[in-house]
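The next block holds one structure in the form of structure tokens; read it before the comments.
Residue numbers start at 1 and run along the sequence shown.
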Amino acid sequence: VTKCSGGGSYFAAKSGRMAAEAIVKLMEGGKRLPTQTEIERTYIADYDKLYGPTYTVLDILQKVFYSNNGAREAFVELCNSKYVQQVTFDSYLYK
């Protein structure tokens with residue numbers, strides 16, 4: 001679950017699919033079982049490369065807007081903007 005948005009279903013499903021695809025590829029048609037290190041070098045590295053920036057931004061938002069009550073109130077006020085609402089909606093719709 002992402003701290004800032006409370007969402008996470010998309011990332012969980014994407015992560016599971018990416019892990020399965022990496023493991024299948026590493027198994028070379030069922031001839032071998034991949035090691036933990038191989039999985040980490042492929043799947044986790046690929047996932048972090050693809051989604052690391054997203055988590056970095058969410059972490060920054062968490063640190064800035066969830067640090068105290070005043071910051072949380074500013075975040076709520078920011079979310080009242082129609083532009084912010086549309087950008088947020090579009091980012092979830094077009095991942």
Which pairs would a plain distance check flag for residues 14-29, meaning a side-chain donor or acceptor within less than 3.5 Å of a matching protein atom at least two apart in sequence or in another chain?
{"from": "Ser15", "atom 1": "OG", "to": "Tyr43", "atom 2": "OH", "distance (Å)": "2.3"}
{"from": "Arg17", "atom 1": "NE", "to": "Glu21", "atom 2": "OE2", "distance (Å)": "3.1"}

request  = Compare every heavy atom of Cys79 with every heavy atom of Val84, then report the nearest pair and how far apart it is.
outcome  = CG1-CA, 4.2 Å
task = Measure the CD-CG distance between Gln62 and Asp59 for me, rounded to the nearest 0.5 Å.
result = 7.0 Å
In one Ile/Leu/Val/Met/Phe/Trp/Tyr side-chain cluster, 4.5 Å: Val76, Phe89 = no
request  = Establish, from distance only, whether the side-chain atoms of Gln86 and Asp90 form a donor-acceptor pair under 3.5 Å.
outcome  = yes
task = Give, for atom OG1 of Thr88 and atom OH of Tyr83, the distance between the pair rounded to the nearest 0.5 Å.
result = 9.5 Å
message = To check you understand the geometry: which heavy-atom pair defines the closest contact between Val64 and Ser67, and what is its length?
response = O-OG, 3.4 Å
Non-hydrogen atoms of Pro34 and Glu38 that approach each other most closely = CA-OE1, 3.1 Å
request  = Mind listing the closest non-hydrogen atom pair of Phe65 and Leu78 along with its distance?
outcome  = CZ-CD2, 4.0 Å
task = Measure the acute angle between the ring planes of Tyr51 and Phe11, then classify it against the limits of 30° and 60° as parallel, tilted or perpendicular.
result = perpendicular
ask   = Got Leu50 and Asp46 here, is their nearest side-chain heavy-atom distance under 4.5 Å?
value = no
